[in-house]
Amino acid sequence: MKKLVVLILAICSVTLVQAQSAKSLLNDVSAKVRSYDNIVIDFKWNLNNSKENVNQDTRGNVTIRKDKYVLNMLGTTRMFDGSKIYTISPEDEEVTISNYDPQNDKEITPSKLLTFYEKGYTYKMDVVQNVQGRKIQFVKLMPIDSNAEIKDILLGVDVQTKHIYRLIQTDASGTKYTLTVNSFKTNQPLSKTLFTFDEAKYKKEGYYIDKLD
């Protein structure tokens with residue numbers, strides 16, 4: 001019995017140290033992100049579900065300034081100006097405009113990609129990988145909400161730069177989403193109108209504007 005108690009205490013101590021170390025690392029990442037005026041990321045996106053025999057790769061890029069972002073992926077542009085979300089589809093010549101409701105936003109959106117872990121998760125240190133000479137420390141995050149659609153998230157952090165290198169999200173159905181950062185640039189010269197939607201321009205080009213309530 002005494003040995004069992006000692007073992008339990010040892011496990012608890014290791015878990016606590018891991019949680020503190022993980023929290024310290026994530027705090028460093030958060031502080032680094034908030035120190036930049038803007039961030040421009042080129043990335044690779046993979047969706048994998050072995051049960052459904054689905055494995056899809058795509059590339060994209062996103063520009064982030066505070067809460068605002070412009071995301072280009074799968075031939076579509078998604079822009080958030082701080083209050084509305086604009087989804088622009090050149091193929092369909094259509095723009096969908098929707099109001100942003102933070103109370104209903106449970107997704108890891110581009111503006112939250114680098115700081116989403118600050119609330120709603122427990123975390124602990126996971127594996128360390130060497131990627132082309134870079135030390136990538138993974139942190140495993142588990143939702144506090146037992147009914148969450150997300151099962152767990154592995155967040156790979158470059159130990160030297162404190163930048164996120166990879167995010168692996170697994171949902172309850174077993175579908176795995178992997179985002180790998182190919183290029184991470186900061187404080188880039190951006191157009192003053194980058195996060196401003198020009199409705200007149202798209203109307204002139206013949207786009208259908210669909211405004212959702």
Side-chain angles (χ1 to χ4, degrees), residues 33 36-102 104-116 131 149-151 153-156 163-213:
V33 166
Y36 300 129
D37 176 67
N38 63 70
I39 299 170
V40 180
I41 299 173
D42 287 303
F43 60 85
K44 175 183 175 182
W45 180 259
N46 174 266
L47 184 156
N48 182 275
N49 187 316
S50 56
K51 293 181 181 179
E52 301 294 334
N53 196 29
V54 175
N55 187 43
Q56 298 176 343
D57 283 324
T58 188
R59 300 176 72 91
N61 61 76
V62 61
T63 301
I64 306 169
R65 173 181 279 167
K66 307 304 178 185
D67 291 335
K68 301 177 181 180
Y69 65 81
V70 175
L71 168 67
N72 296 296
M73 185 175 169
L74 296 171
T76 299
T77 296
R78 182 181 173 99
M79 183 178 77
F80 178 52
D81 64 4
S83 61
K84 294 183 181 295
I85 299 171
Y86 305 86
T87 304
I88 305 166
S89 174
E91 182 178 354
D92 300 323
E93 294 189 339
E94 181 178 1
V95 178
T96 302
I97 305 175
S98 57
N99 292 316
Y100 173 69
D101 183 357
N104 294 328
D105 186 6
K106 298 180 181 179
E107 297 180 358
I108 301 176
T109 58
S111 55
K112 296 193 300 181
L113 172 63
L114 307 175
T115 56
F116 74 90
V131 179
E149 294 181 2
I150 296 174
K151 179 183 176 183
I153 294 172
L154 282 170
L155 197 64
H163 292 165
I164 292 176
Y165 166 70
R166 178 167 289 163
L167 182 151
I168 305 171
Q169 174 182 311
T170 304
D171 64 22
S173 68
T175 301
K176 184 177 293 185
Y177 306 88
T178 303
L179 183 148
T180 302
V181 174
N182 294 323
S183 172
F184 191 107
K185 298 178 182 179
T186 61
N187 300 334
Q188 299 296 295
L190 303 179
S191 166
K192 293 181 179 180
T193 60
L194 180 62
F195 304 103
T196 302
F197 177 69
D198 188 345
E199 184 172 338
K201 169 195 169 185
Y202 286 97
K203 282 185 175 179
K204 185 177 180 180
E205 293 179 1
Y207 277 64
Y208 172 70
I209 308 296
D210 184 15
K211 297 182 179 180
L212 305 178
D213 293 333

Nearest 0.5 angstrom please: [X] [atom1] to [Y] [atom2], how far?
X	Y	atom1	atom2	result
Leu212	Ile85	CG	CD1	10.0 Å
Ile64	Ile41	CD1	CD1	4.5 Å
Phe43	Leu167	CZ	CG	11.5 Å
Leu179	Ile168	CG	CD1	10.0 Å
Met79	Ile97	CE	CD1	8.5 Å
Ile153	Lys176	CD1	NZ	13.0 Å

For [X] and [Y], which heavy atoms make the closest approach, and how far apart are they?
X	Y	answer
Asn182	Lys44	ND2-N, 3.6 Å
Ile164	Val181	O-CG2, 3.5 Å
Val70	Leu194	CG2-O, 3.6 Å
Pro90	Gly75	CD-O, 3.3 Å
Phe80	Asp67	CD2-O, 3.0 Å
Asn49	Ser173	ND2-O, 4.3 Å

Would you find more than 12 non-hydrogen atoms of other residues, nucleotides or ligands less than 6.0 Å from [X] atom [atom1]?
X	atom1	answer
Glu149	CD	no
Glu91	CD	no
Asn53	CG	no

Taking the side chain as everything from C-beta on, heavy atoms only, tell me whether [X] gets closer than 4.5 Å to [Y].
X	Y	result
Lys151	Asp171	no
Asp42	Arg59	no
Tyr69	Arg78	yes
Leu74	Trp45	no
Phe197	Lys84	no
Thr178	Asn48	no
Tyr177	Asn46	no

For [X], what residues pass the side-chain hydrogen bond (donor to acceptor under 3.5 Å, both in side chains) criterion, not counting sequence neighbours?
X	result
Asn38	none
Asn187	none
Asp198	none

Spell out, as yes or no, whether a donor-acceptor pair under 3.5 Å connects the side chain of Gln188 to the backbone of Thr186.
-> yes
Fit a plane to each ring of His163 and Tyr36, take the angle between them on a 0 to 90° scale, and name the class: parallel (under 30°), tilted (30 to 60°) or perpendicular (over 60°).
-> perpendicular
